[in-house]
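Report on the following structure.
Keep in mind the model is a prediction, meaning the values are calculated, not measured. Reminder, nothing fancy here: chain letters follow the sequence lines and each chain counts from 1.
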Number of protein chains: 2
Amino acid sequence: MVNGIVIDLDPIDIKILSLLQKDSTLPTADIAERVGLSQSPCWRRIKRFRDEGLIRKEVCLLDPKIVGLGVTVFATVTLLRHSEENARQFEAIVARRPEIMECYTVTGDRDYLLRIVAKDIEAYDRMITDQFLHLSIIQSVSSRFALRSLKYTTELPL
Amino acid sequence: MVNGIVIDLDPIDIKILSLLQKDSTLPTADIAERVGLSQSPCWRRIKRFRDEGLIRKEVCLLDPKIVGLGVTVFATVTLLRHSEENARQFEAIVARRPEIMECYTVTGDRDYLLRIVAKDIEAYDRMITDQFLHLSIIQSVSSRFALRSLKYTTELPL
DNA sequence: CCAATAATAGAAATAACATTCCCCAAAGCT
DNA sequence: AGCTTTGGGGAATGTTATTTCTATTATTGG
């Protein structure tokens with residue numbers, strides 16, 4: 001352990017995690033075989049990852065197209081005055097709206113960067129108008145629409 | 001089915017998918033109970049989702065901090081001349097580099113928007129320099145560093 | 001309106017898998 | 001060398017997924 005948070009991983013750990021990042025349904029026995037361990041020590045490592053929170057969760061990833069979510073938008077938002085209270089109000093909206101899938105504060109002249117998904121452009125526009133523009137705390141929202149998604153992965157580079 | 005791709009989901013389907021987007025380890029029996037079905041029909045619906053590709057995959061989500069990936073960067077990239085060949089070369093790099101977790105072409109004056117994760121700023125700089133800047137096809141790379149991640153979810157709004 | 005048929009739900013049996021327990025070997029320490 | 005700690009192997013156990021079969025509910029043609 002280098003500092004309080006980071007965990008040291010040996011090459012076998014990294015192999016296990018790489019496999020699980022691609023497919024969490026792999027039976028422990030298969031993983032064990034592929035990384036050169038037998039079932040129980042392999043299972044113990046995975047259990048440790050879960051207990052330590054290194055594996056945050058296991059989820060199903062859905063296809064946005066098939067559920068009718070064809071539009072991805074990147075919005076940069078600037079607050080009118082960046083007071084504590086305004087930030088709190090904005091961040092509460094972010095937490096509440098399921099269309100907002102990612103939100104970061106970033107360097108540069110804008111305050112927030114959001115990734116938002118919606119059924120279509122109208123639905124996106126409605127969401128932005130209802131949630132943000134009628135609010136007095138927002139100075140500007142600038143939207144860039146994704147024309148094509150070349151890559152989207154949840155696999156961290158280990 | 002509205003068009004060739006989108007699948008109609010009834011309220012029970014949506015409940016099932018919502019649960020599985022949060023936690024794919026839930027036993028079918030639990031899901032069944034929560035949505036008001038018994039085990040087998042619930043299992044059959046889930047199987048159908050998988051067969052149809054609506055559930056793309058099931059994965060483990062890791063904690064970037066704990067594996068030592070503290071830096072998230074949004075890079076906008078413009079190619080020198082946007083020829084077929086240059087685009088192909090750029091997109092091949094995107095596909096190959098695991099640090100690049102998302103990549104989109106977007107509206108506006110830049111060509112590509114990337115989300116990149118790295119151990120630290122030096123590692124990010126090294127990656128950008130090695131992969132992009134020494135290449136003759138890139139006009140400019142503009143990087144915005146994430147200061148704080150307020151939200152990151154893989155749950156689509158159903 | 002009724003019977004025939006297809007679609008969907010439920011119950012029970014089986015197979016696959018995760019989880020635990022106990023034992024063993026190697027590496028580090030006194 | 002003897003002791004302790006760490007990590008692996010194998011088998012028993014419990015849980016869950018999957019399959020098969022049966023019952024119920026819609027749907028359609030007469």
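Here the C1' atom of nucleotide C:dA18 and the CG atom of A:Asp51 are 14 Å apart, to the nearest Å. Taking atom CD1 on B:Ile55 and atom P on D:dA17, their separation rounds to 13 Å, with Å as the unit. Spacing between atom CD1 of B:Ile16 and atom C1' of C:dA9 amounts to 13 Å, rounded to whole angstrom units. Across the protein-nucleic acid pair, B:Ile31 atom CD1 and D:dT18 atom P stand 12 Å apart, rounded to whole Å. In this structure, A:Lys47 places its NZ atom 17 Å from C1' of C:dC17, rounding to the nearest Å. For B:Leu20 and D:dA17, the CG to P distance is 10 Å, given to the nearest whole Å. Summarising the geometry, the separation between CD on A:Glu58 and P on C:dA18 is reported as 10 Å, rounded to the nearest angstrom.
B:Arg48 has a carboxylate O that lies under 4.0 Å from a charged side-chain N of B:Glu52, or vice versa, which qualifies the two as a salt bridge.
Look at A:Thr28 and you'll find a side-chain N or O under 4.0 angstrom from OP1 or OP2 of C:dA18. For C:dT19, one of the phosphate oxygens OP1 or OP2 lies less than 4.0 angstrom from a side-chain nitrogen or oxygen of A:Trp43.
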Under 4.0 Å protein heavy-atom contacts per nucleotide of nucleotides 7-15 of chain D, with B for base, S for backbone only and - for none: -BBB-----

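Residues satisfying the salt bridge (charged side-chain N to carboxylate O under 4.0 Å, His left out) test with B:Lys151, not counting sequence neighbours, are none.
Listed for the A:Thr105 side chain is a donor-acceptor partner under 3.5 Å among the backbone atoms of B:Arg148.
By the 6.0 Å contact criterion, NZ on B:Lys57 is enclosed, its count of non-hydrogen atoms from other residues, nucleotides or ligands being greater than 12.
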From CA spacing to verdict: salt bridge (Lys or Arg N to Asp or Glu O under 4.0 Å), A:Glu85, A:Arg88: CA-CA 5 Å; A:Glu85 176 50 26; A:Arg88 191 172 9 258; 3.5 Å; yes

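Considering B:Tyr104, B:Phe132, B:Phe90 in turn, B:Phe90 is the only one that fulfils the ring-ring contact (aromatic ring centres under 6.0 Å, His included) rule with B:Tyr112.
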